[in-house]
Amino acid sequence: MKIQTKAVHAGDRKPAQSQIPVSTPVHFAASWICSDQAEQDRIFGAEEKGFAYSRYANPTNEALEAQITALENGHGSLACASGMVALQHALTAALIDRPKRVLCARDIYGATIKLLMDVMGPFGVETTFVDTNDLAAVAQNLAAEKAADKFGVLLMETISNPLLRVGDIPALAQLCRAHGAALMVDNTFASPLLVRPLELGAHIVVHSSTKYLGGHGDTMGGLIVSDEQHFETIRRLSRIAGPILGPMECFLTMRGIKTFPLRMERQCRNAQGFAAWLRQQPGVERVFYPDDPQHPDAAVIARMMPDGLYGGMVSFELKGAAKAEVFSFLDRLQMVVKATSLGDVHTMVLHPWIASHRDVPPKQKERMGLRENLVRFSVGIEALDDIIADVQQALA
Ligand code: PLP
């Protein structure tokens, strides 16, 4: 079954690499009825391209996988049921023939920390958290003398959740390659419109497509995109473990991807305007947004995001606010949606202390620099004036 595809530009700035289907039939089949046993034999034996069972491959999933492979400029990809399962599956594949040790960025999504500690830890995966913006600290960790102390994977986010730090992917990739570790990058916040980590030397990219790629808050999903070295293992293990996304969710994600560059660019512009306005507000202590010349990673950002697009996420601290004041600020918001997600067309807000990072141990929150007065905005596609007006009345 061949799906009609048409190449379109991912926005004006990138080459025509996204393959966006014009029509995407949704194949709900769990299995394909076999009329000819010899043909099924050839399909199972990989001598002939075809479909047998949806856990192995499904045409709708393949269409989505082709899109994200093109968008991230990878070798191949796998559509998974959520961002978390994509992370777990990618880690399993990368660690299968490497030391079971993960060097993980300190500032990272709370559930990723819990995945490493509570899900992978009991199966013997050891994790060390490091400031990935400190290249000397990363190098020191990676340069283990004994085989038993070597790391298998360095895991980070391109733009970190929730403090919007930006690590030097080319430098970290070089360090990983020198020490036999795989660099795995969660590119959810940046999206391939801003940064393509595989082009910068990363081995594996993971997305929560629940966010910017799906873009409408109506479907969960996770995507793994990898280089050639890792793809066979990712695919082979998925045929057994079955972390895959359902075809309806693949269809919804593809429908979202049709407008992804338009939405993302608008969200970036709105976020930049919102961050600039926030910096003028007396009730705001610190604003976290990558366009800031005072940003601790400004030099890396200038190199990695040369197009002047810095993402749709803005975090800020409310001056002198304890939890109760943060809650009443959030409760006063009228247009901005108070919900646990991001990347939707609506502007959304979240209080990381009680939500995305709730279960992160207090000491770890302190080390990453996460404070109780931080709020995290996912800026939507509304008129910027409307977003500002709502936040202004809530701050007042
Ligand atoms: N990665 C990042 C940066 C996230 O913010 C999230 C969820 O918020 C995830 C991964 C997990 O994605 P999902 O909720 O689709 O499992």
Side-chain angles (χ1 to χ4, degrees), residues 1-7 17-83 85-98 152-153 180 182-184 192 196 198-199 202-207 209 213 221-251 253-254 257:
M1 146 66 58
K2 203 143 174 44
I3 288 173
Q4 288 294 308
T5 62
K6 183 174 122 187
Q17 292 188 352
S18 63
Q19 296 287 314
I20 302 201
V22 174
S23 78
T24 316
V26 187
H27 291 260
F28 285 121
S31 59
W32 274 258
I33 296 163
C34 154
S35 54
D36 176 346
Q37 203 55 54
E39 184 195 30
Q40 198 180 50
D41 187 28
R42 290 194 299 278
I43 291 171
F44 272 119
E47 294 153 36
E48 184 179 315
K49 172 83 186 134
F51 298 98
Y53 190 51
S54 267
R55 198 179 74 233
Y56 303 154
N58 175 298
T60 312
N61 292 45
E62 284 196 353
L64 170 60
E65 287 160 359
Q67 281 184 19
I68 190 65
T69 300
L71 283 167
E72 285 287 4
N73 207 2
H75 176 78
S77 76
L78 178 73
C80 298
S82 69
V85 103
L87 275 165
Q88 185 185 4
H89 188 76
L91 282 166
T92 305
L95 289 171
I96 202 157
D97 48 15
R98 286 193 173 90
V153 167
L183 177 60
M184 187 179 302
R196 300 174 185 221
L198 297 171
E199 291 179 352
H203 298 85
I204 301 174
V205 163
V206 175
H207 279 277
S209 53
L213 293 165
L223 298 166
I224 306 172
V225 196
S226 86
D227 60 5
E228 190 170 1
Q229 182 193 348
H230 294 86
F231 188 63
E232 191 279 327
T233 311
I234 291 166
R235 176 62 73 189
R236 179 171 55 81
L237 297 186
S238 87
R239 288 167 65 93
I240 306 162
I244 55 153
L245 190 60
M248 186 63 197
E249 287 76 12
C250 288
F251 164 76
T253 307
M254 280 188 277
I257 287 177

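What you see is a predicted model, and the numbers here were worked out from it, not measured in a lab. Counting from 1, the numbers follow the sequence of the chain as shown. All heavy atoms count here, side chains included; hydrogens, waters and symmetry mates do not.
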In short, A182 meets A94 closest at the heavy-atom pair CB-CB, 4.4 Å

Rounded to the nearest 0.5 Å, the CD1 atom of I224 sits from the CZ atom of F231 at a distance of 9.0 Å

With a cut-off of 6.0 Å (strictly less than), are more than 12 heavy atoms of other residues, nucleotides or ligands near CD of E47?
yes

Correct closest heavy-atom pair for L198 and E72 would be CD1-O, 3.8 Å

Does I234 offer a backbone N or O that forms a donor-acceptor pair with the side chain of H89 under 3.5 Å? yes

Please confirm whether the backbone N or O of G221 pairs with a side-chain atom of S209, one donor and one acceptor, at under 3.5 Å? yes

Between the CD atom in Q37 and the CZ atom in F44, the distance rounded to the nearest 0.5 Å is 8.5 Å

Could you check whether any side-chain N or O of R98 sits under 3.5 Å from a backbone N or O of G180, counting only pairs where one atom can act as donor and the other as acceptor? yes

**Beyond-backbone contact of I244 with Y56, side-chain heavy atoms, under 4.5 angstrom** = no

_F51 side chain near H27 side chain, heavy-atom distance below 4.5 Å_ = no

*asked:* Any side-chain to backbone donor/acceptor pair from R235 onto S77? Under 3.5 Å, distance only.
replied: yes

CD1 of I96 to CG of L237, rounded to nearest 0.5 Å, is 4.5 Å

Q) Does T253 reach the side chain of I68, with side-chain heavy atoms less than 4.5 Å apart? A) no

Value for OG (S31) from CG (N58), rounded to nearest 0.5 Å, stands at 11.0 Å

Heavy-atom closest pair (P243 atom, L78 atom, distance to 0.1 Å) is CG-CD2, 4.1 Å

Checklist entry - Please walk me through it: do Q88 and L91 pass side-chain contact (heavy atoms from CB on, under 4.5 Å)? => result CA-CA 5 Å; Q88 185 185 4; L91 282 166; 5.8 Å; no

> Got a donor-acceptor contact below 3.5 angstrom from the N61 side chain to the L245 backbone?
Replying inline: yes

Closest non-hydrogen contact found for A52 with I43 is CB-CG2, 4.2 Å

Interatomic distance, CD1@I204 vs CG@D227, rounded to 0.5 Å, equals 7.0 Å

Closest non-hydrogen contact found for H207 with P192 is CE1-CD, 3.7 Å

Closest non-hydrogen contact found for T60 with M254 is O-CE, 3.5 Å

Here the gap from E232 atom CD to H75 atom NE2, rounded to the nearest 0.5 Å, amounts to 9.5 Å

Check your understanding: Got a donor-acceptor contact below 3.5 angstrom from the T69 side chain to the G74 backbone?
Key -> no

